[in-house]
Structures are given as C-alpha cells and as structure tokens.
Amino acid sequence: MPELPEVETVKRTLEPLVKNKMIRDVEVFCPKLIQNLEPVAFREKLRGRTIKALARRGKYLLFQLDAGLTLIVHLRMTGQLTVNDRNVPLNKHTYVVFHLGSEEDLRFTDPRKFGLLYLVPTGRFEEIKGLSGLGYEPLSKEFTLESFRQLLAGKKGFLKAFLLDQSKIAGIGNIYADEILFEAGLHPQRDLRTLTEEESDRLYHTIRHKLAEGIRYRGTSLRDYVDGRGEKGGFQEKLNVYSRRGEPCLRCGTTLQRIKAAGRGTVFCPRCQH
DNA sequence: AGTCAAACCTGGGCGC
DNA sequence: TGCGCCCAGGTTTGAC
C-alpha cells in the first residue's frame with residue numbers, strides 16, 4: 001500500500017527518468033481514473049507538455065509541467081507508476097500510458113482501478129479535497145514537537161484513528177501506523193486524552209523515525225508496490241507487527257493480536273503496547 | 001466532534 | 001483442481 005515512504009520512493013526513482021521529458025501523447029484505457037477531465041481533454045492538454053519537476057505531498061505525487069499545469073496522481077492501494085521501454089508489452093492492468101519523447105513510456109497500472117489522476121492549473125488544488133485538506137508534512141521542518149503537541153491538544157478518540165487522519169498528519173497509512181504504535185509502545189485504541197507528555201513526545205519522534213526508515217529501505221512491498229523502476233522495496237523485512245498476526249512479538253515473544261481499530265485491521269502486541 | 005459502515009475494485013487466500 | 005466466499009485497504013460520503 002503506497003504510503004508516504006512508498007510515494008517518496010516512487011518520486012525519487014521516477015524523477016531522473018522523466019525530468020525534462022516531453023509527453024508526446026497519452027492513451028487512457030480506463031476513463032474513470034481521470035477525475036476532473038474527459039479523456040479527450042486530458043490528452044489534448046497533456047500533449048507536448050514537458051515534465052519540469054516532481055513533488056510529493058502526503059500520498060499525492062505531483063508532476064510539475066510547463067504551461068502552468070500540474071498532473072496529480074494518487075496511487076491509493078494498488079497503483080503503480082513506472083517507466084518502461086516502449087517494447088515491453090503492456091500489463092493487462094495498465095490503464096494510462098504517457099508516451100515520452102524518447103523510446104519510453106510512463107505507465108499507470110492499477111489492478112483495482114482505485115487510483116486517482118487529475119490535471120489542474122499549477123497551484124489550483126482547491127478542487128482536490130484530499131490534497132488541499134492535508135495536514136503537516138511529517139518530515140518537514142514545520143512539523144515540530146510543539147506543533148505536534150498542539151495537534152493533540154483537546155482531541156479525543158483512538159490513537160490509531162489520529163495517525164490515519166490525513167488532515168492532521170499527511171502520509172501515514174495502515175502499515176506505518178501499526179509500526180509506529182509498536183515502536184512507541186502505545187496501544188492502537190488508547191484514548192488521546194490519556195497520553196502523558198512523555199508518551200506523546202515519544203510518539204512524535206517515532207513517527208519521524210519510522211517514516212524515515214521506510215524511505216531508507218525504499219518502501220514496503222507486500223504485494224503490489226514497486227518503485228518507478230519497477231523494483232520492490234525492502235521494508236517488508238523490517239516490519240515488527242503489520243501482517244504478522246498470530247506470530248510472536250519480536251521483542252517479548254507474546255502472540256501478536258489482530259483487532260479492528262478505526263475501521264482498519266490492526267496488529268499489535270498486547271504486552272508491549274499500553 | 002467522533003465513530004462507523006458503505007462504496008469503489010479485483011486478486012488472493014481460504015474452506016470444502 | 002475448482003468453485004465460491006470473503007477480505008484487504010485509501011478516501012469520501014453519509015448516517016447516527
């Protein structure tokens with residue numbers, strides 16, 4: 001599931017492959033994926049554009065184009081963005097193909113067709129609710145310990161729900177939420193109001209540490225996720241709890257439990273997490 | 001403000 | 001081997 005570390009890895013691997021390349025033509029095989037335009041308009045506006053830079057915000061990937069346009073992609077759960085040689089046959093779930101000026105394609109592949117693509121004037125992100133409503137970029141300078149304390153102040157509810165709330169902190173999904181909570185030693189159903197200052201400070205540092213670690217290992221490839229070159233990440237080898245239901249806790253040996261928290265499958269250690 | 005479920009979609013894992 | 005059921009999950013939406 002592409003979360004912040006996966007999208008960041010896609011961005012970093014894709015950028016050198018597409019930067020300053022021209023989009024010669026576009027083919028759309030699944031119109032519903034393009035959120036704000038008809039496929040014909042999407043194609044017309046993109047033809048001849050040059051990709052100037054890539055950026056990431058939360059789990060959104062932004063392609064900054066010339067002519068004041070930005071192509072925005074959300075991979076949701078099974079989306080992939082890869083650069084392929086034109087001769088490589090299309091995957092049966094490749095639904096958008098950007099023909100680059102060279103002999104290569106930028107391809108959007110998504111077995112579940114959950115991904116989202118938008119083409120908007122640069123900076124005009126209001127119409128994309130999920131993007132304009134994002135909270136702190138957790139690895140940025142702006143996300144300080146003080147700002148985190150203020151985010152928590154007066155809030156109630158489950159800790160897990162808070163971590164998944166993109167309007168507070170952008171980019172954490174189910175995998176990293178579980179991993180952060182394990183490392184911080186906090187129960188996913190802990191009520192925010194009961195956190196001590198020491199616990200919330202520890203949580204802040206763990207959020208930054210786990211996301212940075214995920215990037216360092218180039219993301220988590222449990223099923224579909226690959227980077228811009230089509231290569232799997234390595235963080236699945238480092239998971240402490242996610243997808244390890246029924247297995248022993250790596251810290252204390254207790255059998256890991258699975259519950260539903262914030263509507264999500266949640267794995268945790270009943271002994272290490274309070 | 002918060003919680004929860006449904007919707008979108010399809011491959012994979014499971015039981016039989 | 002094969003069928004069919006159910007689940008996974010990011011985000012939005014709508015009901016309580």
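Values reported hereafter were calculated over all heavy atoms of this structure, with side chains retained and with hydrogens, waters and symmetry mates removed. Throughout, protein chains are lettered first and strands after them, A, B, ... in sequence-line order, and every chain is numbered starting at 1.
The nearest whole Å value for the distance from the CZ atom in A:R112 to the P atom in B:dG11 is 9 Å. Between A:D165 atom CG and C:dG10 atom P the separation is 14 Å, expressed in whole Å. The NZ-P distance, from A:K155 to B:dG2, rounds to 7 Å in whole Å. Remark: P of C:dA8 and CG of A:L222 are 14 Å apart, rounded to the nearest angstrom. A:D224 places its CG atom 19 Å from the P atom of C:dC7, with the value rounded to the nearest Å. Atom P of nucleotide C:dG9 and atom CD of A:Q80 are separated by 18 Å, given to the nearest angstrom. Regarding A:L33, its CG atom lies at a distance of 15 Å from the P atom of B:dC8, rounded to whole Å. Rounded to whole Å, atom C1' of C:dG9 lies 18 Å from atom NZ of A:K113.
The backbone N or O of A:A212 sits nowhere less than 3.5 Å from a side-chain atom of A:R208 that would complete a donor-acceptor pair. Here the side chain of A:Q189 pairs no donor or acceptor atom with the backbone of A:L159 at under 3.5 angstrom.
Nucleic acid contact class of A:R258 (heavy atoms, under 4.0 Å, all strands): sugar-phosphate only. Using a 4.0 Å heavy-atom cutoff across all strands shown, A:F162 reaches no nucleic acid atom at all. Residue A:G263 is classed as having no contact, given no heavy-atom separation below 4.0 Å to the nucleic acid.
Classified by interplanar angle (parallel below 30°, tilted 30° to 60°, perpendicular above 60°), the ring pair A:H74/A:Y60 is perpendicular.
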Residues A:L116, A:L33; criterion side-chain contact (heavy atoms from CB on, under 4.5 Å); working and verdict: CA-CA 5 Å; A:L116 312 167; A:L33 293 176; over 6 Å; no

Base-contact (B) and sugar-phosphate-only (S) positions in nucleotides 11-16 of chain C, heavy-atom cut-off under 4.0 Å, - elsewhere: BSS---

Hey, can you pull the donor-acceptor pairs under 3.5 Å for the side chains in residues 253-270 of chain A, sequence neighbours left out?
from	atom 1	to	atom 2	distance (Å)
A:T266	OG1	A:K160	NZ	3.0
A:T266	OG1	A:R264	O	2.9

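Residue A:H93 places at least one side-chain N or O closer than 4.0 Å to OP1 or OP2 of B:dG11. Between A:K32 and B:dC9 there is a side-chain polar atom (N or O) within less than 4.0 angstrom of OP1 or OP2. Contact annotation: A:K160 does not reach the phosphate of B:dT3 (side-chain N/O to OP1 or OP2, under 4.0 Å).
Both A:R223 and A:A161 lie close to DNA chain B; mapped to their nearest nucleotides by heavy-atom distance, the more 5′-ward contact belongs to A:A161.
For A:F235 and A:Y176, the distance between ring centers is under 6.0 angstrom.
Look at A:R216 and A:E213 and you find no salt bridge, because none of the NZ, NE, NH1 or NH2 atoms lies under 4.0 Å from a carboxylate O.
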